[in-house]
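Keep in mind it's a predicted model, so treat the numbers as computed, not measured.
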Amino acid sequence: MSLYKRYESRFKDIDNIQYNIEIWQESDKAFMVEEITLSREAVTIEWMDLDKLDPVRSSAATLQILCQSDRKFIDLYSVSVKSVRLDIYRQNSIYWSGTIDTELYEEPYF
């Protein structure tokens, strides 16, 4: 199995800095890359509060995607651990990268 890009999006922050979002997923064949719509508060990155001399600083990112249909992204939830990756680029340079926790998935119901 290889890793293929599945979804992508872009947005600008309040300082007008461009961010690109890519979701990659393991598969036997390539996906048609689909543009997704993000919510107003598209990405939240939480950095652990550690000493600046600690060699590794862990973090967690939350991506909020808008969707017009029920359970569109359920396939990202029902896959094996570490088979889906989120990459965030800030001004075309990698800013954050990590695998998606496939056990955390939520859809608000209105």
Side-chain angles (χ1 to χ4, degrees):
M1 272 213 238
S2 296
L3 208 56
Y4 296 101
K5 189 185 333 181
R6 178 107 190 243
Y7 301 105
E8 65 183 6
S9 190
R10 63 195 49 77
F11 68 93
K12 291 187 178 179
D13 69 6
I14 58 173
D15 296 322
N16 209 32
I17 295 173
Q18 177 75 41
Y19 287 82
N20 296 327
I21 305 296
E22 296 178 351
I23 297 176
W24 295 74
Q25 186 172 4
E26 283 184 0
S27 179
D28 292 329
K29 60 181 182 170
F31 301 101
M32 285 192 61
V33 179
E34 186 177 341
E35 183 83 21
I36 55 175
T37 304
L38 303 174
S39 72
R40 183 173 176 90
E41 295 179 16
V43 176
T44 304
I45 300 176
E46 300 171 43
W47 300 96
M48 299 296 286
D49 190 24
L50 298 174
D51 185 77
K52 65 182 177 180
L53 298 177
D54 286 342
V56 176
R57 187 173 181 201
S58 63
S59 62
T62 301
L63 181 65
Q64 295 187 31
I65 304 170
L66 297 177
C67 181
Q68 298 300 319
S69 63
D70 186 32
R71 301 175 192 229
K72 176 174 175 57
F73 299 102
I74 195 76
D75 60 324
L76 296 178
Y77 171 73
S78 58
V79 295
S80 62
V81 176
K82 297 183 181 180
S83 65
V84 180
R85 189 180 78 219
L86 170 65
D87 291 340
I88 302 173
Y89 293 87
R90 183 177 191 258
Q91 295 179 324
N92 295 321
S93 294
I94 192 73
Y95 181 71
W96 191 94
S97 181
T99 57
I100 293 177
D101 185 345
T102 56
E103 294 182 3
L104 292 177
Y105 174 87
E106 132 183 351
E107 286 189 27
Y109 295 97
F110 299 100

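By the criterion of side-chain heavy atoms lying less than 4.5 angstrom apart, applied directly or through intervening Ile, Leu, Val, Met, Phe, Trp or Tyr residues, Val43 is grouped together with Ile17 in one hydrophobic cluster.
Interatomic distance, Ile88 CD1 to Ile45 CD1, rounded to the nearest 0.5 Å: 4.0 Å. Atom-to-atom distance recorded for Gln18:CD and Asp13:CG is 9.5 Å, nearest 0.5 angstrom. Distance check: Tyr19 OH to Asn92 CG gives 12.0 Å after rounding to the nearest 0.5 Å. In this structure, OG in Ser93 is found 10.5 Å from CG in Asn20, a value given to the nearest 0.5 Å. Note that the CH2 atom of Trp24 and the OH atom of Tyr4 stand 10.5 Å from one another [nearest 0.5 Å]. For the atom pair Lys29 NZ and Ser2 OG, the distance stands at 14.0 Å (nearest 0.5 Å).
Nearest heavy atoms, Glu22 versus Lys5: OE2-NZ, 3.5 Å. A pairwise comparison of heavy atoms in Gly98 and Arg85 identifies O-CG, 3.3 Å as the closest pair. Considering all non-hydrogen atoms of both residues, Gln25 and Val84 come closest at CG-CG2, 3.8 Å.
The side-chain heavy atoms of Ile21 and Tyr7, taken from C-beta on, include no pair separated by under 4.5 Å. Using a 4.5 Å heavy-atom cutoff, the side chains of Ile23 and Ile36 are in contact. Looking at Ile100 and Leu63, their side chains never come closer than 4.5 Å, going by heavy atoms from C-beta outward. A heavy-atom distance below 4.5 Å is found between the side chains of Arg10 and Glu35.
Ring-plane geometry between Trp47 and Tyr95 is classed as perpendicular, the angle between the planes exceeding 60 degrees on a 0 to 90 degree scale with a lower cut at 30.
Checked for salt-bridge contact, Glu26 and Lys82 miss the test: no charged N lies under 4.0 Å from a carboxylate O.
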Check against side-chain contact (heavy atoms from CB on, under 4.5 Å), Ile65 and Leu38
CA-CA 4 Å; Ile65 304 170; Leu38 303 174; 4.1 Å; yes
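Applying the 6.0 Å contact sphere to CD of Gln91 captures more than 12 heavy atoms from other residues, nucleotides or ligands.
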